[in-house]
Protein chains: 2
Amino acid sequence: MKIGELARLAGTNVETIRYYERDGLLPVPARSEGNYRIYGETHVQRLSFIRRCRSLDMTLDEIRILLHFKESPQENCADVNRLLDRHIGHVAQRMQELQELERQLKDLRERCGEARDAAHCGILDGLSQAIVPDGKTASHVQGTHRHAANFKVEKENQGKQV
Amino acid sequence: MKIGELARLAGTNVETIRYYERDGLLPVPARSEGNYRIYGETHVQRLSFIRRCRSLDMTLDEIRILLHFKESPQENCADVNRLLDRHIGHVAQRMQELQELERQLKDLRERCGEARDAAHCGILDGLSQAIVPDGKTASHVQGTHRHAANFKVEKENQGKQV
DNA sequence: TAGAAACCCTTGAGTGGCTACAGAGTCAAG
DNA sequence: CTTGACTCTGTAGCCACTCAAGGGTTTCTA
């Protein structure tokens with residue numbers, strides 16, 4: 001099959017597949033006479049595995065490790081367990097951070113119940129004075145905003161709403 | 001004061017300040033004879049405001065809007081309220097996503113209670129078969145991993161542990 | 001059989017919010 | 001006069017894609 005069909009089967013888009021190939025996550029496939037990439041069932045399997053891991057928010061490096069174990073069935077899988085445990089830990093940690101964040105944001109929001117002029121806005125006031133906490137929590141868990149692609153959608157909406 | 005002191009006062013690092021200047025968040029400061037940037041109290045205020053907002057996980061674009069209102073005290077602050085409400089919504093949404101994620105990861109983890117060989121690892125098995133859910137939740141709320149800088153720490157640890 | 005439409009190719013650049021580094025200049029203390 | 005701490009500009013890199021330009025190939029339809 002060609003790249004488009006693989007993309008459909010695995011719910012990915014075509015550029016992502018080529019990106020994974022460049023990045024070494026997918027093996028270099030055979031080519032047709034017209035220089036098209038030709039894939040088989042094993043590629044579907046592997047790509048689906050990768051996408052499943054991504055949907056669980058693993059990094060490509062984490063996935064690389066898991067793929068390594070899939071290819072070495074005789075090895076002990078203790079490291080797989082450890083990797084997953086660490087990943088779960090990061091998710092939990094990020095959730096705690098977001099809870100704290102939510103609390104602070106709601107506090108802030110209460111300072112300006114309804115609209116007035118910006119000079120007397122409790123929110124702007126609060127942001128000007130609030131105690132800045134420790135700062136660097138050193139987890140690898142991300143912030144509150146998705147990356148580039150999703151940002152665009154967000155920005156378009158902002159144009160209309162704010 | 002020079003850039004280093006400003007950085008200390010606002011808990012930022014020097015490159016970030018220059019980055020904010022390039023990006024238009026901080027005004028272009030005066031220069032000394034030796035071409036050093038010279039800052040005053042207003043810069044400390046403004047930079048601290050920005051950092052406070054960042055610690056609440058707002059994007060630079062959101063912060064730009066807030067700064068606009070700080071500079072236009074006569075304007076109505078309803079948009080500030082809306083911005084904050086939306087931001088709170090995104091945080092809440094991401095927390096829900098992370099909860100679902102945690103559930104799935106823990107499910108997965110239970111499939112391989114203790115180490116065996118990778119061929120019979122319940123986790124790898126699970127990742128090979130699990131139903132992939134819908135996919136795109138269209139919030140602007142980010143994933144489970146922090147960006148480059150924090151990744152590095154993470155990677156170093158991985159080298160030692162996995 | 002022509003030609004349009006759908007697909008595919010490579011290359012390069014862009015996203016956010018920094019961080020890091022090279023190679024140079026400035027300045028204060030010993 | 002040197003050492004070291006600081007600063008400057010410019011450029012490249014991080015993640016995980018995404019998009020666009022400018023071309024080639026295949027497949028469908030008139």
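The structure presented is a predicted model; accordingly, all values stated were derived computationally and were not measured. In what follows, every chain begins at residue 1, and chains take the letters A, B, ... in the order their sequences are listed.
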In whole angstrom, what separates [X]'s [atom1] from [N]'s [atom2]?
X: A/Ile38; N: C/dC7; atom1: CD1; atom2: P; value: 15 Å
X: A/Met58; N: D/dC15; atom1: CE; atom2: C1'; value: 17 Å
X: A/Ile17; N: D/dT18; atom1: CD1; atom2: C1'; value: 14 Å
X: A/Leu60; N: D/dC17; atom1: CG; atom2: C1'; value: 9 Å
X: A/Tyr19; N: D/dT18; atom1: OH; atom2: P; value: 10 Å
X: B/Glu21; N: C/dG17; atom1: CD; atom2: P; value: 18 Å
X: A/Arg54; N: D/dC15; atom1: CZ; atom2: P; value: 12 Å
X: A/Ile50; N: D/dC17; atom1: CD1; atom2: P; value: 10 Å

Can we say [X] and [Y] salt-bridge, meaning some charged N sits less than 4.0 Å from an Asp/Glu carboxylate O?
X: A/Lys106; Y: A/Glu102; value: yes
X: B/Asp57; Y: A/Arg94; value: yes
X: B/Glu15; Y: B/Arg22; value: no
X: B/Arg64; Y: B/Asp61; value: yes

Next on the checklist: Once ring-ring contact (aromatic ring centres under 6.0 Å, His included) is applied, what residue pairs with a partner in residues 44-65 of chain A remain, sequence neighbours excluded?
Outcome noted: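 Output for this query is empty, none listed.
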Item to check | Bend angle of the helix from C/dT1-D/dA30 to C/dG30-D/dC1, from helix axes over five pairs at each end, nearest 10° | outcome: 20°
Item to check | Test item: A/Ile65 and A/Asp79 side chains (from C-beta on) under 4.5 Å apart, heavy atoms | outcome: no
Checklist entry - With A/Lys2, which residues qualify under salt bridge (charged side-chain N to carboxylate O under 4.0 Å, His left out), at least two apart? => result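 A/Lys2: no salt bridge (charged side-chain N to carboxylate O under 4.0 Å, His left out) contacts found.
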Item to check | Set of residues satisfying salt bridge (charged side-chain N to carboxylate O under 4.0 Å, His left out) with respect to B/Arg103, sequence neighbours excluded | outcome: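 For B/Arg103, the residues satisfying salt bridge (charged side-chain N to carboxylate O under 4.0 Å, His left out) (neighbours in sequence not counted) are B/Glu100, B/Asp107.
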For [N], does either OP1 or OP2 sit under 4.0 Å from a side-chain N or O belonging to [X]?
X: B/Arg51; N: C/dC18; answer: yes
X: A/Arg37; N: C/dC8; answer: no
X: A/Thr16; N: D/dT18; answer: yes
X: A/Tyr20; N: D/dC17; answer: yes
X: A/Arg31; N: D/dG24; answer: no

Tell me which donor-acceptor pairs under 3.5 Å the side chains of residues 33-40 of chain A have, and how far apart each pair is, sequence neighbours excluded?
unit_1: A/Asn35; atom_1: OD1; unit_2: A/Arg31; atom_2: NH1; d: 3.3
unit_1: A/Arg37; atom_1: NE; unit_2: A/Glu21; atom_2: OE1; d: 2.7

Item to check | Summary of protein contacts for nucleotides 22-30 of chain C, nucleotide by nucleotide, where a base hit scores B, a sugar-phosphate-only hit scores S (4.0 Å, heavy atoms) | outcome: ---BBS---
Item to check | A/Arg51 vs A/Ser55, side chain to side chain contact (heavy atoms under 4.5 Å, CB included): CA-CA, chis, key distance, verdict | outcome: CA-CA 6 Å; A/Arg51 296 270 67 190; A/Ser55 81; over 6 Å; no
Checklist entry - Base, sugar-phosphate, or nothing for B/Arg18, non-hydrogen atoms under 4.0 angstrom? => result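 Base contact.
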Checklist entry - Looking across every strand, which nucleic acid part, if any, lies under 4.0 Å from A/Asn13 by heavy atom: base, sugar-phosphate, or nothing? => result sugar-phosphate
